[in-house]
Amino acid sequence: MAKNLRNTSTITSLATFFFFFFLILAANADENSNSFSRKLSPKKLGLKREKLSHLHFYFHDIVSGKNPTAVRVAEAQTTNTSATRFGFVAVMDDPLTVGPELSSKRVGSTQGIYASASQSGFALLMAFNFVFTEGKYNGSTLSILGRNPPFSAVREMPIVGGSGVFRFARGYVQARTVSFDLKTGDAVVEYNAYALHY
Ligand SMILES: *[C@@H]1O[C@H](CO)[C@@H](O)[C@H](O)[C@H]1NC(C)=O
Ligand SMILES: *[C@@H]1O[C@H](CO)[C@@H](O)[C@H](O)[C@H]1NC(C)=O
């Protein structure tokens, strides 16, 4: 009788063991068959050491003339009577050069949008990509999303990502106005970009 009881309990614990064993197996099989994600060592993507790069260039926002590089594409009915031009949206493809003169060497473009997004003081929402065309940066981009009050001496905007040599990028840019033509609205802006990337 006692022997039988012991056997019964052995069988019960064996059964319990196999129940959980198969449960874990099943869970793993399930994970594998429906897998859409996996852990990857950074080395497999060729990521070694994070670098910090400083880029310096000038941005030309040309809104006047026959060939503007920034165009207003939308506005609210109240935009032109608003002190801060609240509600307009512009699309730009602005040249980037190494010097403040438009004729200096071209290193890329700034492609994206900006919109007047403040009702108290003029401030723009900027959402754009720096698209580089020079040397090892050719084809790589840095993506910026930030607030730009253009009449402040220094405006800081976050770098939220990048592509090519700037994969996994993060950092910030600082913009300083070099010249602003009150009549035409054309502007030259100096940019310093600080990006962490691999
Ligand atoms: C508002 O001002 C802009 C820029 O001067 C102009 O292009 C646009 O036609 C004006 N819109 C209206 C509704 O007057
Ligand atoms: C940049 O890359 C494009 C496309 O690969 C190529 O046509 C162009 O000549 C390159 N420019 C420079 C300056 O290397």
Quick one: list whatever passes side chain to side chain donor-acceptor pair (under 3.5 Å) with [X], sequence neighbours left out.
X	value
Thr79	none
Ser82	Thr84
Ser163	Thr141
Asn80	Arg72

Centroid-centroid distance, Phe132 to Phe57, less than 6.0 Å: yes
Test of ring centre spacing under 6.0 Å for Tyr198 and Phe166: no
Pairs where [range] contributes a residue and the test salt bridge (Lys or Arg N to Asp or Glu O under 4.0 Å) is met, not counting sequence neighbours:
range	result
residues 148-174	Glu50-Arg170
residues 173-198	none
residues 111-127	none

Single-linkage hydrophobic cluster, 4.5 Å side-chain cutoff, Phe130 and Tyr137 together: yes
Same apolar cluster (I L V M F W Y, side chains within < 4.5 Å links), Phe168/Leu52: no
Gly146 versus Pro158, closest heavy-atom pair with distance: CA-CD, 3.9 Å
Listed partners of Ile113 passing side chain to side chain contact (heavy atoms under 4.5 Å, CB included), at least two apart: Val91, Ala127
Residue list, side chain to side chain contact (heavy atoms under 4.5 Å, CB included) with Lys44, at least two apart or on another chain: Leu40, Ser41
For Phe86, ring-ring contact (aromatic ring centres under 6.0 Å, His included) partners two or more places apart: none
Using a 3.5 Å cut-off and no angle test, enumerate the donor-acceptor pairs between side-chain atoms of residues 117-124 and protein atoms at least two apart in sequence or in another chain.
unit_1	atom_1	unit_2	atom_2	d
Ser118	OG	Ser120	N	3.2
Ser118	OG	Ser120	O	3.1
Ser118	OG	Gly121	O	2.7

pair Tyr191-Gln174: side-chain heavy atoms closer than 4.5 Å: no
Side-chain touch Met126/Arg147, heavy atoms, less than 4.5 angstrom: no
Could you list the donor-acceptor pairs under 3.5 angstrom formed between side-chain atoms of residues 101-108 and any protein atom two or more places apart in sequence or on another chain?
unit_1	atom_1	unit_2	atom_2	d
Ser104	OG	Thr97	OG1	3.4
Ser104	OG	Gly99	N	3.0
Ser104	OG	Gly99	O	3.2
Ser104	OG	Glu101	O	2.7
Lys105	NZ	Glu134	OE2	3.4
Arg106	NE	Gly108	O	2.9
Arg106	NH2	Ser109	OG	3.1

